[in-house]
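By convention in this document, chain letters (A, B, ...) are assigned in the order of the sequence lines, proteins followed by strands, and residues within each chain are numbered from 1. What you see is a predicted model; the values in this text were computed from it and never measured.
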Amino acid sequence: MAVEKKSLNFIEAIIEEYLEEKGEGAKIHTRFPPEPNGYLHIGHAKSICLNFGLAEQYNGLCNLRFDDTNPAKEEQEYVDSIKEDIKWLGFMWDNECFTSDYFQQLYDWAVQMIKDGTAYVDDQSPAEIAEQKKTPTEPGIKSPYRDRSVEENLDLFERMKNGEFPDGSKVLRAKIDMSSPNMHMRDPIMYRILRKAHHRTADNWCIYPMYDYAHGESDYIEGITHSICTLEFEVHRPLYNWFLEQIKDGEYAPVQREFARLNLSYTIMSKRKLLQLVNERHVAGWDDPRMPTISGMRRRGYTPAAIRKFADTIGVAKRENVIDVALLEHHVREDLNKITPRMMVVTDPVKIILTNYPEGITEKVYADNNPEDESAGKREMTFSRELYIERSDFMEDAPKKYFRLSLGNEVRLKHGYIIKAESVVKDENGDITEIHCSYDADSKSGSGTEASKRRVKGTLHWVSAEVALPVEIRYYDRLFTDEAPDGHKDKDFLDFINEHSLEVSHKALAEPALKDAKPEDKFQFQRIGYFCVDKDSTPEHLVFNRTLTLRDTWAKMQKKK
RNA sequence: UGUCCCAUGGUGUAAUGGUAACACACCGGUUUUUGGUGCCGUUAUUCAAGGUUCGAGUCCUUGUGGGACAACCA
């Protein structure tokens, strides 16, 4: 049998080359290194799927490492949510690591670098240092403190650690090249003084390492082989390598590779802006179902399988990209279509009365739980003389392409009978309050009669008035009305917030089978969309979030006119 | 007037010097007791110019366009 060779993305190609070169027994080791200063979003999900996925695929290891070198922004709350989100996506890390666990080793290496003459203490202010760095197009100039003696540097750095100097008064810098065309090589800062309680090391330290110094060395400590990050760190790579050169002992060193971060249409991904949405109450929190956070998508009803398939489909490359959010939605619908039980919920009810149906009785009808999955079985529904259907499923005078109920025309009530609309009752405003219909008593679904096999154009969902269950529905839609909310120079992303991204309704009536639904349970409300039970839901007051609508070609036809 | 990266249908991703393909979106058809799903089909792609080669989306040169880099953030 011919085995189709799956094409590799450039990271996989690098890994296969590595594995081949290292030979028998070689293992790759990746890491996912979030800073615990916010909630994970769909962009992180891409990185998670990449790093954990690669480890899985090549039988390697993947660490979770919290890059917690800035206590000013980091909190335990974020650590917890990050772990929860990764697990929810279906991944498990081999080691749980914290950069803060390496503070002592990092300090020792810094001391070593001072001894080697490759690091020095600078007493200048941030403004002075920035001034001397100059711009990318002109070389920087050297700090007056650059040539301090090793002894003095050692003494000063130790006293920095001991808390003898105020915050911001001194930094430790790497001594590299102030005239490098790469700004990051112009004597980057390795340590700053910062008196801020750290979420793990409390007040043990008042100096904290900077990202560029800490990251590569942490990779080194953990034995990471492939340090995969996003494109903006590409310019940092020479520095990443430089720091490793200073401390490595032997052949091994991790290798940094960069890929293009995910951008999604109609979405913002910036942590700062997401935080702003939360802080300014444009959304209800990090897990608001309109947020592109993993917790938001979970609450919205998206599934791990859909997100992972999506990550797989979009691929990994170095080109700047904007993925159509419709692709994500496609994968969510695809998964939900397979797994969700079908239920009948009338979102905007109008009553129908079957005038020739016997009064005072009800009967059972049987409904497939999922036509895509026979093993999902059937459930019982109550059929009765008075029922509710969707207000939009009736028109007195219907256009020719309208397949639903109209005066004098027939439709099938799904899993029930064929009915014909005879007359309407209206209130003083002219709004329809009741539709009187006749039903074809021989047409019961599944009864096998000639009448039951009759084909009518329309099939409607319904609930029996006797047992209908009032529920709350939260209709979520895209948060932004613009494809690129933060892509406009003259406009703020907040200008594009969709006023209708959340509409709450208490009108809906559900079939009673829904009464035991628990938070995160997912359903397809037949002919309407996919819904999931919100965490605000209680047995007395069910709350459903609309995950996505069904594709609706009728609505599309209407729109075109 | 620096360094680095990138350039394939509308959006993404493949093609690893040998017939430019797949997914989504779009449009059309078909099936259907969900105007859902499924199935079939249409439209549409190598930034430009040179060069190397029997042969270039792929290699080279130049240009053009886009992006990253000047936090005591990561």
Side-chain angles (χ1 to χ4, degrees), chain A residues 6-9 13 33-35 37 67-70 72-74 122 125-126 129-130 133-140 167-173 180-186 189-194 207-208 210-212 214-215 229-238 258 260 265 271-272 313-331 333-334 337-338 342 344 367-368 371-372 401-404 411-416 418 445-446 452-461 483 524-530 549-557:
Chain A
K6 204 196 161 235
S7 65
L8 305 176
N9 65 48
E35 182 188 12
N37 70 342
D67 211 347
D68 54 353
T69 57
N70 183 9
K73 290 184 180 172
E74 296 150 7
D122 195 330
S125 70
I129 291 175
K133 277 197 181 173
K134 299 293 179 186
T135 61
T137 51
E138 64 183 318
D167 284 13
S169 61
K170 287 182 168 45
V171 289
L172 183 72
R173 289 229 253 168
S180 170
N182 183 335
M183 293 298 287
H184 298 281
M185 300 300 271
R186 323 248 265 223
I189 292 169
M190 294 170 64
Y191 272 93
R192 74 283 211 186
I193 305 173
L194 186 60
I207 57 170
Y208 291 95
M210 301 287 291
Y211 167 86
D212 283 305
H215 201 91
C229 60
T230 45
L231 244 31
E232 69 268 28
F233 293 102
E234 202 158 30
V235 205
H236 296 237
R237 193 150 99 199
E258 312 83 10
S265 62
K271 266 194 199 177
R272 204 200 86 234
T313 307
I314 59 177
V316 178
K318 297 189 72 161
R319 176 163 33 155
E320 295 286 337
N321 61 81
V322 182
I323 308 284
D324 192 342
V325 71
L327 181 61
L328 209 211
E329 294 172 347
H330 162 78
H331 286 293
R333 287 196 180 94
E334 183 180 63
N337 177 56
K338 268 191 315 221
R342 271 55 171 174
M344 294 211 216
D368 298 320
E372 307 292 318
K401 291 278 211 166
Y402 188 80
F403 299 162
R404 309 174 185 184
V411 293
R412 174 174 293 280
L413 295 179
K414 192 168 174 74
H415 307 306
I418 292 171
S445 289
S452 74
K453 293 175 187 160
R454 279 170 52 208
R455 302 185 51 172
V456 290
K457 274 187 307 190
T459 301
L460 308 186
H461 62 282
E483 273 184 53
Q524 184 195 100
F525 292 175
Q526 207 122 74
R527 299 210 303 136
I528 305 288
Y530 297 100
T549 61
L550 251 30
R551 283 186 59 210
D552 189 346
T553 47
W554 169 248
K556 200 181 270 182
M557 282 164 66

As a test of reading the structure: which of [options] is closest to the side chain of [X], going by heavy atoms?
X: A:Met557; options: B:C72, B:A14, B:G35; answer: B:G35
X: A:Ala326; options: B:C73, B:A70, B:C24; answer: B:C24
X: A:Pro371; options: B:A70, B:A74, B:G36; answer: B:G36
X: A:Val171; options: B:C24, B:C72, B:G36; answer: B:C72
X: A:Met210; options: B:A71, B:C69, B:G35; answer: B:A71
X: A:Glu74; options: B:U13, B:A74, B:C72; answer: B:A74
X: A:Thr459; options: B:C69, B:G2, B:U33; answer: B:U33
X: A:Glu234; options: B:G36, B:U34, B:C5; answer: B:C5
X: A:Arg404; options: B:A74, B:G35, B:A70; answer: B:G35
X: A:Leu327; options: B:G67, B:A23, B:G12; answer: B:A23

Rounded to the nearest Å, what distance is computed from the [atom1] atom of residue [X] to the [atom2] atom of nucleotide [N]?
X: A:Asn321; N: B:G10; atom1: CG; atom2: P; result: 17 Å
X: A:Ile189; N: B:A71; atom1: CD1; atom2: C1'; result: 9 Å
X: A:Leu8; N: B:U13; atom1: CG; atom2: C1'; result: 14 Å

### Minimum heavy-atom distance A:Ala367-A:His415, with the two atoms named
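Shortest heavy-atom contact: CB-CD2, 3.2 Å.
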#### Entry: Residue pair A:Pro371 / A:Arg342: nearest heavy atoms and the distance that separates them
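Taking every non-hydrogen atom into account, CD-NE, 3.7 Å.
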### Query
Just checking A:Leu550: base, sugar-phosphate only, or nothing, at a heavy-atom cut-off of under 4.0 Å?
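The residue A:Leu550 makes base contact.
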### Message
Go nucleotide by nucleotide along RNA chain B from the 5' end; which of A:Gln526 and A:Val235 gets its closest nucleotide reached first?
### Response
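Comparing both residues, the 5'-ward one is A:Gln526.
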### Task
Return the 5'-most residue of the pair A:Val316, A:Thr553 with respect to RNA chain B, ranking by each residue's nearest nucleotide.
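First, find each residue's nearest nucleotide; the 5'-ward one identifies A:Val316.
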[N] OP1/OP2 closer than 4.0 Å to side-chain N/O of [X]:
X: A:Lys556; N: B:C27; result: yes
X: A:Arg551; N: B:C24; result: no
X: A:Thr69; N: B:A74; result: yes
X: A:His330; N: B:C24; result: yes
X: A:Arg527; N: B:U33; result: no
X: A:Arg237; N: B:C69; result: no

Determine the Euclidean distance between corresponding [atom1] atoms of [M] and [N]; express it in Å to zero decimal places.
N: B:G10; M: B:G35; atom1: C1'; result: 26 Å
N: B:A7; M: B:U62; atom1: C1'; result: 16 Å
N: B:G17; M: B:A56; atom1: C1'; result: 7 Å
N: B:A21; M: B:A49; atom1: P; result: 22 Å
N: B:U52; M: B:C60; atom1: C1'; result: 7 Å
N: B:U1; M: B:G12; atom1: P; result: 34 Å

### Query
Should the pair A:His236 and A:Tyr211 be assigned to parallel (<30°), tilted (30 to 60°) or perpendicular (>60°) ring geometry?
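Aromatic pair A:His236/A:Tyr211 classed perpendicular.
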### Task
Under a 3.5 Å limit for both distances, which nucleotide forms a Watson-Crick or G-U wobble pair with B:A70, could you say?
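Its partner is none (no Watson-Crick or G-U wobble pair with both distances under 3.5 Å).
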### Task
May I ask which nucleotide in the shown strands pairs with B:C59, Watson-Crick or G-U wobble, both distances under 3.5 Å?
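The answer is B:G51, by the H-bond criterion.
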### Message
According to a cutoff of under 5.5 Å between the ring centres and under 30° between the ring planes, does A:Trp554 stack with the base of B:G35?
### Response
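Answer is yes, a stack.
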